[in-house]
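Position 1 is the first residue of the sequence, and the numbers go up from there. Please read these numbers as outputs of a predicted model, since none were measured by experiment.
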Amino acid sequence: MKHLSLGAALAAALFVSPVAAQDHDPATPMVVGSDFGVSPWMVRSASGPEGFGVDMINEIGKRLDREVVIEDINFSGLFAALFAKRVEFTVNPLNITADRAERMLFTEPFFATGNGFIVREGETLDGFEGLRGKAVAVNRGTISDTWATENAEKYGFEVQRYETFPDSVQAVITQRVFAALNEIPTAVYAASQNSAITIGFRDFNGRNFGYAFRLESEDYRNTVEAVIECMKQDGTLAGLYEKWYGETAAEDSPLRKVYPGYGAPGFKGYDETPHEPSCQ
């Protein structure tokens, strides 16, 4: 199975029939994209999608006076959907990286993360060396896939790629793989909900989540980011984190910290022009 690069996603976008997702027309629904298979960020329930990410984007839509429509798109197809204008921006837990920042605009960080390794209950994992000679499941095209691909030879493990997070967890439970790799918050939540798995190792490495927009959507990115900044200042994001993840956000967390300028500091697309959030 081949790793889906951003170049491949761009090429794939040429073959996707675009839907009329307007960038910032208040008369139309705000059409955004996410993979619904990541608990507790965004999952399907009997009443529709729910989770931290659902509450966050719905609150943004409310403050911008726009109805929100969330398209359920596997991560492997998310960038193609963005570039083909099927969605206005991404609302999944997306890592801000230099490679991605070359092709899309990020908001400022609003959620800290890292590598979380899930193993079967009763198993142990003593750091990266404990992966040697074993198989690790990842979701295709994610930052976890990138990390595993780059480090498989160094640490001597095999990479198996799956389309959804539940599939990678099931691979651990059925012993097709030793571990499943995903974002730390996602992995921790999954382990708290399933007694058959546990967290073997947490690698906090300074990564952060942000929303991603097309390069031509700078003004729109800034508009959405201004709302996110207000949600940080009034405690909304920290409250959603406590609701869905069951713990209090640290005072220096990106859930609370407002960054200067617009975009992700240190990455392409960052605008360092100072501004004061206009919150109501």
Can you label the angle between the [X] ring and the [Y] ring as parallel, tilted or perpendicular, going by 30° and 60°?
X: Tyr155; Y: Phe157; answer: parallel
X: Tyr241; Y: Phe111; answer: perpendicular
X: Phe110; Y: Tyr211; answer: perpendicular

[Y] backbone acceptor or donor facing [X] side chain under 3.5 Å:
X: Arg44; Y: Phe36; result: no
X: Arg120; Y: Ala196; result: no
X: Arg214; Y: Arg103; result: no
X: Trp41; Y: Asp35; result: no
X: Arg256; Y: Ala249; result: yes
X: Asn95; Y: Thr97; result: no

Exercise. Do Phe213 and Tyr220 have ring centroids that are under 6.0 Å from one another?
Worked result: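 Judged by ring-centre distance (under 6.0 Å), Tyr220 and Phe213 do meet the cut-off.
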
Exercise. Counting only heavy atoms not in Lys134, do more than 12 fall under 6.0 Å of its NZ?
Worked result: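 For Lys134, atom NZ is crowded (more than 12 foreign heavy atoms under 6.0 Å).
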
Problem set entry | More than 12 heavy atoms of other groups within 6.0 Å of Glu276 CD | no

Could you tell me whether the side chain of [Y] reaches within less than 4.5 Å of the side chain of [X], counting heavy atoms only?
X: Lys62; Y: Val68; value: no
X: Tyr189; Y: Glu183; value: no
X: Val31; Y: Arg86; value: no

For this session: Could you point out which residue of Glu225, Glu108, Glu59 forms a salt bridge (charged side-chain N to carboxylate O under 4.0 Å, His left out) with Lys232?
Result: Glu108

Exercise. Is Arg66 salt-bridged to Glu88, cutoff N-O under 4.0 Å?
Worked result: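 Result for this pair is yes, salt bridge flagged.
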
Exercise. Do Asp271 and Thr273 get their side chains close enough for a donor-acceptor pair, meaning under 3.5 Å?
Worked result: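 Indeed, the side chains of Asp271 and Thr273 share at least one donor-acceptor pair under 3.5 Å.
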
